[in-house]
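What follows is one structure encoded as structure tokens, with my remarks underneath.
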Amino acid sequence: MLKHDSREAKPRRPTNVTLSLDLVNEAKELQVNVSQACESGLAQAVADARRARWLEENEEAFREHREMIEREGLILDEFRQF
């Protein structure tokens with residue numbers, strides 16, 4: 001899970017979000033900081049989207065690398081002991 005360092009002073013921006021009333025009520029009952037929970041979830045979603053974009057952008061390089069290994073074998077394969 002993505003860690004968020006609250007000690008770093010970062011600019012903040014008020015944002016309106018629409019959340020399930022039941023979920024917000026339960027969060028308050030359990031003393032969950034809704035803003036921190038939303039930010040944490042958003043940070044994870046952004047990290048996931050970045051990863052997916054990176055994988056998509058590099059898909060051709062991965063394919064070419066797999067094809068090279070199929071053609072030429074693994075580098076230093078002769079030294080493998082398993």
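Only a predicted model underlies this, so the values are computations on that prediction, with no experimental measurement involved.
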Could you tell me whether Leu74 atom CG has more than 12 heavy atoms of other residues or ligands within 6.0 Å of it?
yes
Quick one: do Val17 and Val24 end up in the same hydrophobic cluster if we chain Ile, Leu, Val, Met, Phe, Trp and Tyr together by side-chain heavy atoms under 4.5 Å apart?
yes
Applying ring-ring contact (aromatic ring centres under 6.0 Å, His included) as the test, list every pair that has at least one member in residues 26-52; sequence neighbours left out.
none
Listed partners of Glu72 passing salt bridge (Lys or Arg N to Asp or Glu O under 4.0 Å), at least two apart
none
Has Asn58 got a side-chain atom pairing as donor or acceptor with Ala61's backbone, closer than 3.5 angstrom?
no
Test item: Glu29 and Asn25 side chains (from C-beta on) under 4.5 Å apart, heavy atoms
no
When rounded to the nearest 0.5 angstrom, what distance separates CG in Asn33 from CD in Glu39?
9.5 Å
Can you confirm whether the side chains of Asp48 and Gln44 place a donor and an acceptor under 3.5 Å from each other?
yes
Taking atom CD as the centre, does Glu56 end up with more than 12 heavy-atom neighbours from other residues, nucleotides or ligands that are less than 6.0 angstrom away?
no
So how far is it from Met68 CE to Glu70 CD, rounded to the nearest 0.5 Å?
11.0 Å
Arg50 and Trp54: CA distance, side-chain angles, deciding distance, side-chain contact (heavy atoms from CB on, under 4.5 Å) verdict
CA-CA 6 Å; Arg50 281 183 181 158; Trp54 185 86; over 6 Å; no
Looking at OG1 of Thr15 and CG of Leu42, how far apart are the two atoms once the value is rounded to the nearest 0.5 Å?
9.0 Å
With a 6.0 Å cut-off (strictly less than), is the heavy-atom count around CD of Glu67, excluding the residue itself, greater than 12?
yes
With rounding to the nearest 0.5 angstrom, report the CD to CZ distance, Glu64 to Arg66.
10.5 Å
Ala27 meets the side chain to side chain contact (heavy atoms under 4.5 Å, CB included) criterion, sequence neighbours left out, with Val32, Val34
Around Arg53, counting heavy atoms of other residues, nucleotides and ligands shown, do more than 12 lie under 6.0 Å from its CZ?
no
